[in-house]
Amino acid sequence: GPLFGERADTIGKGRFDFQVVWSNADYKKFNGQKLSSLSANVPATVPPFGTVTGEQLRIDLDVTVITNFIGFFGTYGLTDNWDVNLLVPLINNKIKAKSRATILDANGVPCSPLTPNALNCDDVYVIDGTAPNTGDPSKDTSSGDKTGIGDILVRSKYNFLKNHETLPDLGVRGGVSFPTGNEHNFM
């Protein structure tokens with residue numbers, strides 16, 4: 001849902017209002033799956049030979065995504081019923097991913113001389129320096145922390161029904177977003 005709700009009221013002609021809003025989001029799921037336990041199996045390939053029959057590479061991920069948002073709002077009343085508003089968002093995204101890769105045999109068993117029934121794995125695998133058939137999965141960690149301005153928003157609100165005896169205040173709002181954020185940093 002939206003980070004804020006808005007009433008039909010305007011602030012009045014010649015008046016100025018400034019606000020700062022902060023929000024924090026610590027994401028736990030993506031498409032219903034826990035970010036701390038994502039997993040995918042893909043066919044194992046060995047360049048230049050291509051796919052190795054039946055064997056797979058299992059990739060386990062533990063992902064942390066945290067977003068902090070600080071919104072700077074300025075509103076000015078052009079008339080008693082018409083406001084203009086500027087939002088400049090400052091966004092901080094922290095993303096950390098831990099990965100673990102394991103070669104599985106055709107039965108889905110990790111390749112290792114210590115694992116029964118896993119001796120049918122080819123001895124051609126080295127994942128990121130991990131020796132084949134050691135039972136040691138390859139591990140890696142990567143992270144990023146970016147802060148910057150998000151997309152700037154200019155909005156206008158017009159209150160067309162105000163202080164009526166029986167009807168509520170009603171207004172209409174529109175806005176334009178300027179792509180000032182860096183989409184590669186999720187801003």
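These numbers come from a predicted model, not from an experiment.
- Distance OG1/Thr147 to CG/Leu90: 6.5 Å, rounded to 0.5 Å.
- In this structure, His184 places its NE2 atom where only 12 or fewer heavy-atom neighbours from other residues, nucleotides or ligands lie under 6.0 Å away.
- For CZ of Phe160, the number of neighbouring non-hydrogen atoms (other residues, nucleotides, ligands) closer than 6.0 Å is greater than 12.
- A salt bridge is defined here as a Lys NZ or Arg NE, NH1 or NH2 lying under 4.0 Å from an Asp or Glu carboxylate O, and Arg58 with Asp60 meets this definition.
- For the atom pair OG1 of Thr67 and CG of Asn24, the computed distance is 8.0 Å after rounding to the nearest 0.5 Å.
- With hydrogens and angles disregarded, a donor-acceptor distance shorter than 3.5 Å links the side chain of Lys162 to the backbone of Asp80.
- Here the options are Leu86, Val20, Leu153, Leu87, the test is side chain to side chain contact (heavy atoms under 4.5 Å, CB included), and the partner is Phe73; only Leu87 passes.
- Residues Tyr158 and Ile11 do not share a hydrophobic cluster, clusters being chains of Ile/Leu/Val/Met/Phe/Trp/Tyr side chains in contact below 4.5 Å.
- Nearest heavy atom pair, residue Leu161 against residue Pro168, reads CD2-O, 3.5 Å.
- In this structure, Val88 is not a member of the same hydrophobic cluster as Phe69, with clusters built from ILVMFWY side-chain heavy atoms closer than 4.5 Å.
- Across every non-hydrogen atom of Ala8 and Gly171, the tightest pair is CB-N, 3.6 Å.
- Side-chain atoms of Asn81 and Asn159 form no donor-acceptor pair, as typed in the model, at a separation below 3.5 Å.
- Classification of the Phe18-Phe72 ring pair by plane angle, with boundaries at 30° and 60°, yields parallel.
- Using a 4.5 Å heavy-atom threshold, the side chains of Val84 and Val154 count as separate.
- In this structure Lys29 satisfies the salt bridge (Lys or Arg N to Asp or Glu O under 4.0 Å) test with no other residue, sequence neighbours excluded.
- Interatomic distance, CD1 of Ile59 versus OG of Ser39, reported as 8.5 Å (0.5 Å rounding).
- Only one option out of Asn85, Asp83, Thr10 pairs with Thr75 in a side-chain hydrogen bond (donor to acceptor under 3.5 Å, both in side chains); it is Asn85.
- If you take NZ on Lys98 and OG on Ser143, they are separated by 10.5 Å, rounding to the nearest 0.5 Å.
- In terms of modelled atom types and a separation under 3.5 Å, the side chain of Asp169 and the main chain of Asn163 share a donor-acceptor contact.
- Minimum interatomic distance between Ser156 and Trp82 (heavy atoms only, all atoms of both residues): OG-NE1, 2.5 Å.
- Annotation for Leu78 and Lys13: closest pair O-CG, 3.7 Å, computed over non-hydrogen atoms.
- Taking both residues in full, the closest heavy atoms of Leu35 and Tyr27 are given as CD1-O, 3.5 Å, listed atom of the first, atom of the second, then distance.
- Taking 4.5 Å as the limit, some side-chain heavy atom of Ile149 sits within range of a side-chain heavy atom of Ile152.
- Ser142 pairs by the side-chain hydrogen bond (donor to acceptor under 3.5 Å, both in side chains) definition with nothing, not counting sequence neighbours.
- With a 6.0 Å radius and a threshold of 12 heavy atoms from other residues, nucleotides or ligands, Lys94 has its NZ atom at or below the threshold.
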